[in-house]
**Q** 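Can you keep this structure in mind? I'll have questions shortly.
We name chains A, B, ... by the order of the sequence lines, and we start the count at 1 in each one. Since this is a predicted model, take the numbers as computed values, not measurements. As a basis for the values below, the full set of heavy atoms in this structure was taken, side chains included, without hydrogen atoms, waters or symmetry mates.
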Amino acid sequence: MKPVQLKAEVMRNEKLSSDITRLTMMARDIADIAKPGQFVMIRPTSCYDPLLRRPFSLHQVTGDGLIEILFKVVGRGTRILSAVEVGEFLDVVGPLGKGFLDSSRENICLLGGGMGIAPLLFLAKWLVSKKTGDLNFNIVVLLGAATDSEILPLLDDFEVMGLNVKIATDDGSLGYHGFVTDLLSKNLDPDNNWIIYSCGPYPMLKKVAGISRDNNWQCQVSLETIMACGIKACLGCALPKSESMKLTDTQPYAHVCKDGPVFDAAEVKWI
Amino acid sequence: MDLKKAALNVNFGSLQLKNPVMTASGTFGYGEEFSSFVNLNRLGGIVVKGISLKPRVGNPPPRVAETASGMLNAIGLENVGVEKFISEKMEFLRNIGTNVFVNVLGDSVDDYGRLAERLNDTPGISAIEVNISCPNVKKGGVAFGTDPAMVEAVTREVKSKCSLPVFIKLSPNVTDITLTARAAEQGGADGVSLINTLLGMAIDVRSRRPILGNVVGGLSGPAIKPVALRMVWQVAKQVSIPVIGIGGITTTEDAIEFLLAGASAVQVGTANFVDPRATENIVEGLQKYLEDNNLSSIKEVIGKLIL
């Protein structure tokens, strides 16, 4: 489906913590065709500083035309966006990129770190709706963050679907005290055939990719890079790929915006 | 009442553009990437991503960095190579109903000649734009675009190998851009396009490392517009071939400034990333500007700066 550019009305601006914002926008033409793992590019301002759009994974998409993004204030663009008011319009392009792919494996693990949790909610809802009536599947959700305030506001959204959620925090304020990747061995029976869907900081994804490879699990990761265009015109978001990457060209780089942002972990050259 | 629409068309010799709004190389892919957002048929022309004889893999990431009202890029001229360009990209481009300028780049004078020869035989191409901001491998890596003698030699070589109109895209990273512009004219160029990006740099103060994988990169966007405008004005006075203005053009007003300074057409670059519909908005804006000012043709704007 082709992406569109539209003016999306801000319907809700929720402050989930001191620096985490969830924006809900009316963007029917995007909501109608979006898949979990895809992203949108949003202009923080109609002025030219900051200049470029910011990429955000789709956090939730609802049948009534609403899309949501979830982000932490990390710079000028996100600071401006965190302050938009209900009724304002944002210039949004999307949905962009390739999302998560369905797997025939019945044991599914969603592993998110920090703001990487964002796209996993959309994915979880999609998986739950797809697998309804299928009693053989099993979903485990592992969420990690620096501290409890980054996870607590999102917990209900996962648990309301009846999902089994395990938590890890760097400071031990909630759940397991340590890395969320440690939860893999604690919660996943290595004898089962798992598919891991993961999004989060690069070092976390690298670790998830390694553990998945060692256990012969499938693993799909959603990667983040700086992007200028989001539509593979500028070629700015180059990602070194492993030799197993099967794209139509013979280049050593994939482009996160169009070849991703979701990649099979085995296709990425982890640095 | 005059019902005739004010005319936006401009001509470069035998080459006719329905309006003076084009896209800048490297910011518009091979056209198809923007087809969801822009009616390509409404543009005066599109300039595709620079093409070399062999595919190029480009630079290691990070390749882009945002700066004040601008961006740095060090993509490293990643492209599919001329053969794949012709076999995979041209079919779409042949059918979009606007002029297709193919931007070419090489490591040697001979490379440029071979590219021109290959493209000359390919139907659907309106013109060649020559990127001379690349290092000349055979001359110790000095950029072609900084040496007027090399600019003239490359221009002459490309002209001798093709019958298409040839535009030389000038580098601003020189002391006097009118010298390279005149060298291009001397070599037989049908026009010059300027400016390419300004060499720049950004540093991450926490890690104390350069932000770009290539350390340095090209600055583009609104930040460079005044520099570009000044150079276009200087060059337009010095050459009698058409000048295409490039550099931070984002709005209709920006485009009009370049036309007034002497550009016969403009290329929109970084603005395509900010607003994928920027080019079409400028086409509409120019039409309105002419009508609001009771002008019958865009030619009444080109070079009409009042000093």
**Q** Select, from B:Pro276, B:Gly76, B:Ala74, the one with the greatest count of heavy-atom pairs under 4.5 Å involving chain A.
**A**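 The option with the most such pairs is B:Pro276.
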
**Q** State, with a plain yes or no, whether a side-chain heavy atom of B:Glu284 is found less than 4.5 Å away from one of B:Arg42.
**A** yes

**Q** Would B:Arg63 pass as a cation-pi partner of A:Tyr253, given that its NZ or CZ must be under 6.0 Å from the six-membered ring centre and within 45 degrees of the axis?
**A** yes

**Q** Quick one: which of B:Asn272, B:Asn59, B:Asn73 has the most heavy-atom pairs under 4.5 Å with chain A, could you say?
**A** B:Asn59

**Q** Side chain, backbone, both or neither: which part of B:Thr23 has a non-hydrogen atom closer than 4.5 Å to chain A?
**A**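 Neither; nothing under 4.5 Å.
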
**Q** For each of B:Glu32, B:Glu66, B:Met71, B:Glu33, tally heavy-atom pairs with chain A at distances under 4.5 Å, and name the one with the top tally.
**A**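 When all of B:Glu32, B:Glu66, B:Met71, B:Glu33 are compared, B:Glu66 has the most.
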
**Q** Given heavy-atom pairs under 4.5 angstrom as the criterion, report whether the side chain, backbone, both or neither of B:Ala271 touches chain A.
**A** neither

**Q** Given the options A:Thr225, A:Val93, A:Leu239, A:Leu51, which has more heavy-atom pairs under 4.5 Å with chain B than any of the others?
**A**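 Most heavy-atom pairs within the cutoff with chain B belong to A:Leu51.
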
**Q** With respect to chain A, which residue among B:Gly29, B:Ser36, B:Gly213 yields the maximal number of heavy-atom pairs within a distance under 4.5 Å?
**A**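 Sorted descending by pairs with chain A, the first entry is B:Ser36.
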
**Q** Considering only NZ, NE, NH1 and NH2 on the basic side and carboxylate oxygens on the acidic side, decide whether B:Lys225 and B:Glu253 come within less than 4.0 Å.
**A** no

**Q** Please output the residues of residues 90-99 of chain B in contact with chain A, using a heavy-atom cutoff of under 4.5 Å, in numerical order.
**A** none

**Q** When you compare the side chains of B:Asn103 and B:Glu129, does any donor N or O come within less than 3.5 Å of an acceptor on the partner?
**A** yes

**Q** For a quick check under 3.5 Å, do A:Gln218 and A:Asp264 share a side-chain donor-acceptor pair by atom type?
**A**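 Note: A:Gln218 and A:Asp264 side chains miss the donor-acceptor criterion.
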
**Q** Does any donor atom in the side chain of B:Asn196 or B:Ser171 lie under 3.5 Å from an acceptor atom in the other side chain?
**A**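 No pair is found: no donor N or O on one side chain lies under 3.5 Å from an acceptor on the other.
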
**Q** Would you call B:Ile75 and B:Lys49 a side-chain contact if the rule is heavy atoms closer than 4.5 Å?
**A** yes

**Q** Which atoms of B:Thr270 come close to chain A, meaning under 4.5 Å heavy atom to heavy atom: side chain ones, backbone ones, both, or neither?
**A** side chain

**Q** Please list, one pair per line, the donor and acceptor atoms closer than 3.5 Å that link side chains of residues 199-211 of chain A to other protein atoms, with sequence neighbours excluded.
**A**
{"residue": "A:Tyr202", "atom": "OH", "partner": "A:Ile271", "partner atom": "N", "Å": "2.9"}
{"residue": "A:Lys206", "atom": "NZ", "partner": "A:Ile271", "partner atom": "O", "Å": "3.4"}

**Q** Using non-hydrogen atoms and a 4.5 Å limit, figure out which bit of B:Ser69 sits close to chain A: side chain, backbone, both or neither.
**A** both

**Q** Report the option among B:Gly221, B:Pro60, B:Ser35 that has the most heavy-atom pairs separated by less than 4.5 Å from atoms of chain A.
**A**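 Looking at each of B:Gly221, B:Pro60, B:Ser35 in turn, B:Pro60 comes out on top.
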
**Q** Could you have a look at A:Met227, A:Lys2, A:Met41 and say which one has the most heavy-atom pairs with chain B under 4.5 angstrom?
**A**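 That would be A:Lys2.
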
**Q** In plain terms, say whether A:Arg53 and A:Asp91 are close enough for a salt bridge, that is, a side-chain N and a carboxylate O under 4.0 Å apart.
**A**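 Result for this pair is yes, salt bridge flagged.
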
**Q** Step by step, work out the salt bridge (charged side-chain N to carboxylate O under 4.0 Å, His left out) result for A:Lys232 and A:Asp259.
**A** CA-CA 9 Å; A:Lys232 206 176 172 176; A:Asp259 305 322; 3.4 Å; yes

**Q** Please look at B:Phe28 and chain A and tell me whether the side chain, the backbone, both or neither of the residue comes under 4.5 angstrom of a heavy atom of that chain.
**A**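 Backbone only.
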
**Q** Is there a ring-ring contact (aromatic ring centres under 6.0 Å, His included) between A:Phe39 and A:Phe56? Walk through the geometry before answering.
**A** CA-CA 5 Å; A:Phe39 68 100; A:Phe56 296 95; 9.9 Å; no

**Q** Side chain from CB out, backbone as N, CA, C, O: work out which of these in B:Arg56 comes under 4.5 Å of a heavy atom of chain A, or both, or neither.
**A** backbone

**Q** As an exercise: rank A:Cys229, A:Gly230, A:Pro50, A:Ala233 by heavy-atom pairs under 4.5 Å with chain B and give me the winner.
**A** A:Ala233

**Q** Looking only at side-chain N and O atoms, does A:Ser173 offer a donor or acceptor that is under 3.5 Å from a partner on A:Thr147?
**A**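 Their side chains do contain a donor-acceptor pair, which is all the 3.5 Å distance test asks for.
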
**Q** Can you name the nearest heavy-atom pair linking A:Phe179 to A:Asp170, along with the distance?
**A** CD2-OD1, 4.4 Å

